[in-house]
Amino acid sequence: MLDKYDFRTAEKEMQKLWEDKDVYRFDPDSPNKIYSIDTPPPTVSGSLHIGHIFSYTQAEMVARFRKFTGYNVFYPFGFDDNGLPTERLVEKEEGIKAKDLPRDVLYEKCMKTTAKYVEEFTNLWKSLGFSVDWNLRYETINERSRRISQKSFIRLAKEGKAYVKESPVLWCTECQTSIAQAELDSADIKSTFNYIYFMVDGEPLTVATTRPELLYGVVCLFVNPEDERYKKYVGKKAVVPVFNYEVPILTDEIVSLEKGTGVVMCATYGDQTDVEWCEKHNLPYRKVLTPEGRLDESVPYVAGMSVYGARKELLRLLEEQGLLEKVEELVHTVQTHERCGKPIEILPSRQWYIDILSHRDLFAEAGNKINWYPTFMKNRYDVWVENLKWDWCISRQRYFGVPFPVWYCKKCGKPLFADESILPVNPLEYTPEATCECGCTEFVPESSVLDTWATSSMTPQINAHWEEPDGTDISETLAPMTMRTQAHEIIRTWAFYTIAKSLYHTGEVPWRDIMVCGFVLAKKGEKISKSKGNAVKSPPQLVEEFGADCIRYWAANTKLGTDTYFSDDELKIAKRFLTKLWNASKFTLTHLNDYDKTDAVELLPIDKWIVERCKQTMRRCISLLNEYEIGSARHEIDDFFWKDFCDYYVEISKERLYQPDIHGVEARRSGQAAIYYCLLNILKMYGVFVPHMTEYIYQDAFAAKEGVDCLPRNLWSVDGEDDEEAIAFGECVKAAISEVRKFKSENNISMKADVESMTIVTPEKFKAAFDQTLGDIVACCHAKEVKFEIQ
RNA sequence: GGACGUUUAGCUCAGUUGGUAGAGCACUCGCUUGACGUGCGAGUGGUCAGCGGUUCAAGUCCGUUAACGUCCACCA
């Protein structure tokens with residue numbers, strides 16, 4: 001018998017129950033249709049906040065819903081622990097620099113740190129009652145992930161889709177590694193637009209630049225071929241100020257007539273345009289910057305200086321030599337590295353790439369083959385594909401990651417790929433026995449590691465144990481996965497890369513649906529972040545204080561894809577709901593002690609109404625959840641439960657349930673059948689959102705009677721169509737009761753007070769049903785007399 | 001600069017195929033109703049951002065303007 005509900009003990013008990021019964025285990029041999037979920041392995045970054053709960057909980061509810069409707073749910077959980085984010089976390093936590101440590105020491109530290117956070121994350125998800133099959137857990141640094149990631153690389157390289165090339169690459173001088181376009185951020189910074197003189201035939205030609213420190217890298221000047229002002233200079237030589245060497249003056253259509261003076265200097269490399277120009281016009285490379293972000297030793301006057309120091313010094317020199325016309329202040333946007341926020345540079349270096357630019361059409365087409373929820377999120381994918389400018393640079397000059405399974409011939413430099421049978425392999429610790437085509441038998445290992453996205457983009461294959469040597473491959477049953485869930489910020493990375501890899505390896509898209517969640521903001525336009533100090537209580541604190549069901553109920557109050565805010569008020573609503581569910585269940589169950597569901601009963605019209613409304617709610621709920629509309633589904637149930645079931649039906653049927661002596665045993669039994677059906681199905685439906693309390697009540701009152709040991713195994717079942725007639729009759733009864741309530745309220749009298757007489761206006765077709773409901777109405781309204789008026 | 005999204009009650013938001021504007025919170029008034037006062041009942045409150053169009057009929061469709069948000073681009 002239900003008494004008091006203590007979520008702190010009950011939630012733990014229910015979690016243990018599910019675990020003991022192994023309820024969420026994926027059964028590869030089950031005949032049921034598979035519903036497989038590719039859920040994001042969170043970056044083990046140490047900052048766990050309400051946003052994680054929000055998006056992961058929404059996905060979890062979808063998993064639960066599918067489980068409840070009979071699917072064989074494949075719901076794994078991964079952790080993205082390799083790569084730069086982990087290294088940076090360890091550097092920060094321990095106050096060290098990764099490059100100063102021996103690799104094995106760093107590796108140990110990273111493994112230790114990730115293990116700590118993986119445990120913390122896992123505990124949180126468990127405390128929220130996630131229906132994850134923890135047997136399917138993976139980490140992107142584990143052996144299988146490394147093997148699959150390396151295999152992917154080798155195959156792409158052999159097919160010519162991955163290549164190594166010495167060329168300009170986006171470079172972070174802070175993290176000292178190459179990065180990919182997808183890892184770029186941007187920031188508005190204050191700077192100066194500097195107008196400086198290049199001398200042409202002894203006459204000054206003014207060039208405006210924001211980067212005077214790159215003067216020594218200038219390889220030519222460009223003007224627009226249509227620019228009348230400068231036609232006479234084309235083909236001549238200009239003298240680079242301060243450094244006094246000559247460069248040609250060339251033309252290019254993309255030079256703007258309005259910007260600066262219309263003359264632009266091309267330096268190696270100020271930006272993407274410089275790179276394009278150098279390729280197009282076959283210009284030489286002049287080294288100016290080092291990978292550390294300092295001026296190269298070969299640069300006169302400013303060698304060894306930082307970018308900003310050199311800029312200052314060169315402006316001073318220009319000024320001193322009378323070569324600086326003017327300086328304008330400006331704010332402009334610079335590209336930064338998303339992980340550290342430092343402006344990026346473009347430096348030539350030898351890197352591995354995956355060719356994505358030549359298959360843009362393929363990716364755009366793939367976007368159309370996937371169902372996007374909400375649909376407008378596809379736009380972000382399309383825009384990203386359209387704007388791709390660089391092939392995907394996948395090599396990182398870092399340490400804690402999946403190594404490149406490749407060596408280079410010491411003599412001719414030709415790459416030697418590891419045989420798939422020895423994967424995963426660390427080339428630094430393994431000496432290949434092979435002979436290069438050139439006859440050489442000595443090889444130099446690649447020391448870079450793979451971009452962390454190169455591995456996490458393989459999650460569908462990692463989950464499927466893609467061609468794993470131990471024979472556990474389930475790609476046949478799993479590909480394509482049913483659904484991918486993720487937040488919108490990583491569409492350009494995780495979603496895009498996963499699609500690209502899947503197309504390259506299988507020719508198919510990786511999943512059928514993609515569900516894109518929104519963010520939790522601290523307030524309008526402000527992301528939650530530790531640095532801003534606007535983070536609310538930590539997720540574990542919130543669970544401890546309010547309980548998992550309470551937080552989950554809050555997380556379900558949303559339209560898919562839209563951002564939301566967090567507030568205590570919202571949690572209060574959730575808390576109140578749980579109290580209501582508890583009390584309603586408690587009341588209902590007091591009338592079911594002697595109820596046997598195998599007894600055949602003919603439902604009275606009003607009982608039929610509530611049962612039909614319950615079925616209708618379930619049908620609507622299924623249809624909404626099929627579309628990933630969690631919020632609307634919850635509101636649909638709320639509406640039925642709180643209004644129709646509690647406020648109307650319970651009040652209507654109460655008297656009959658309490659007084660079988662007066663109203664008859666049969667009439668009571670009909671009511672019992674209705675409340676049994678409704679409460680059970682209310683629990684089933686709310687089981688998606690608040691699994692703990694619903695299971696607790698189910699265990700107390702239903703498990704034995706139903707002969708099904710727990711709620712997740714008591715599947716939803718609703719046949720047929722809505723019974724419009726039965727529902728319309730209920731609406732008619734509600735209207736009659738509502739009028740009486742209104743009358744009493746307007747006259748400030750108690751609902752318990754008698755009314756002398758009431759008249760029900762009804763269409764003829766409901767007259768008979770009303771006759772059967774008369775006792776209920778009389779009791780509920782405390783009416784002494786009921787008259788009818790047929791419409 | 002381009003794209004996408006948002007704009008509905010004081011606040012947070014629902015409004016499916018065009019057919020008389022909805023919920024929760026807040027507010028007002030009332031009710032010790034044999035589960036729940038964390039409740040129940042009844043109310044107050046909206047030119048659906050502006051303008052123009054299509055239609056018998058527009059919150060809903062089309063065009064346009066504005067504000068806000070986001071993504072992308074610009075970065076000489």
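Letters A, B, ... are given to chains in the order of the sequence lines, protein chains preceding strands, and every chain is numbered from 1. Note that the coordinates shown come from a computational prediction; the quantities given were computed from them, not determined experimentally.
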Review point. Considering only B:rG24, B:rU33, B:rA42, which nucleotide approaches the side chain of A:Glu746 most closely?
Key: B:rA42
Point to revise | Structure string for RNA chain B in dot-bracket form, Watson-Crick and G-U at under 3.5 Å, | interchain | key: (((((((..((((.....[..)))).(((((.......))))).....(((((..]....))))))))))))....
Review point. Does A:Arg492 put a side-chain nitrogen or oxygen below 4.0 Å from OP1 or OP2 of B:rC72?
Key: yes
Check your understanding: Is the shortest side-chain N/O distance from A:Thr209 to OP1 or OP2 of B:rA76 below 4.0 Å?
Key -> no
**Study point:** Phosphate-side-chain proximity, A:Arg741 and B:rG41, N/O vs OP1/OP2 below 4.0 Å
**Key:** yes
Practice item. Tell me, please, whether A:Phe587 has A:Lys654 positioned over its six-membered ring: NZ or CZ under 6.0 Å from the ring centre and within 45 degrees of its axis? Key: yes
Exercise for review: Verify the contact: side-chain N or O of A:Lys572 to OP1 or OP2 of B:rU12, cut-off strictly under 4.0 Å; return yes or no.
Suggested key: no
Point to revise | Pairwise P distance, B:rU33 and B:rG41 [rounded to whole Å] | key: 14 Å
Check your understanding: Listed in order of residue number, which residues of residues 180-195 of chain A have a non-hydrogen atom at under 4.0 Å from RNA chain B?
Key -> A:Gln181, A:Phe193
**Study point:** Gap in Å between the two P atoms, one belonging to B:rC48 and one to B:rC27, rounded
**Key:** 27 Å
Review point. Just checking A:Thr579: base, sugar-phosphate only, or nothing, at a heavy-atom cut-off of under 4.0 Å?
Key: base
Review point. What is the nucleic acid contact for A:Lys580, judged by heavy atoms within less than 4.0 Å: base, sugar-phosphate only, or nothing?
Key: base
Study note, to complete from the structure: Per nearest nucleotide of RNA chain B, the residue lying toward the 5' end, A:Asp271 or A:Arg380, is A:Arg380
Study note, to complete from the structure: Heavy-atom closest pair (A:Val263 atom, A:Leu205 atom, distance to 0.1 Å) is CG2-CD1, 4.0 Å
Point to revise | Nucleotide B:rA76, atom C1' - distance to CG of A:Asp274 in whole Å | key: 7 Å
Point to revise | Base of B:rG2 paired with side chain of A:Glu386 (donor-acceptor, under 3.5 Å) | key: no
Review point. Phosphate oxygens OP1/OP2 of B:rC29: is one of them under 4.0 Å from a side-chain N or O of A:Lys742?
Key: no
Check your understanding: Which whole-number value in Å describes the distance from A:Leu560 CG to B:rG5 C1'?
Key -> 14 Å
Practice item. Sequence neighbours left out, what passes ring pair (Phe, Tyr, Trp, His ring centres under 6.0 Å) with A:Tyr686? Give chain and number order. Key: A:Phe577, A:Phe641
Study note, to complete from the structure: Whole-Å distance, A:Lys752 NZ to B:rG41 P, equals 17 Å
Point to revise | Per A:Asn583 side chain, nearest of listed nucleotides B:rC36, B:rC74, B:rU33 | key: B:rC36
Practice item. Output yes when at least one side-chain N/O atom of A:Lys559 is less than 4.0 Å from OP1 or OP2 of B:rG15, else no. Key: yes
Practice item. Sorted by first residue and then second, give each side-chain hydrogen bond (donor to acceptor under 3.5 Å, both in side chains) pair with at least one member in residues 737-749 of chain A; sequence neighbours left out. Key: none
Practice item. For the pair A:Phe645 and A:Phe640, name the ring-plane relationship: parallel under 30°, tilted 30 to 60°, perpendicular over 60°. Key: tilted
Point to revise | Rounded distance in Å - CD1 (A:Ile573) to P (B:rG24) | key: 10 Å
Practice item. Provide, to the nearest angstrom, the distance between the CG atom belonging to A:Asn387 and the P atom belonging to B:rU70. Key: 19 Å
Practice item. Sequence neighbours left out, what passes ring pair (Phe, Tyr, Trp, His ring centres under 6.0 Å) with A:Phe243? Give chain and number order. Key: A:Tyr216, A:Tyr301
Exercise for review: Indicate whether OP1 or OP2 belonging to B:rA76 is found under 4.0 Å from a side-chain N or O atom of A:His332.
Suggested key: yes
Practice item. Name every residue in residues 626-643 of chain A that has at least one heavy atom under 4.0 Å from any atom of RNA chain B, in order of residue number, or write none if there are no such residues. Key: A:Trp642, A:Lys643
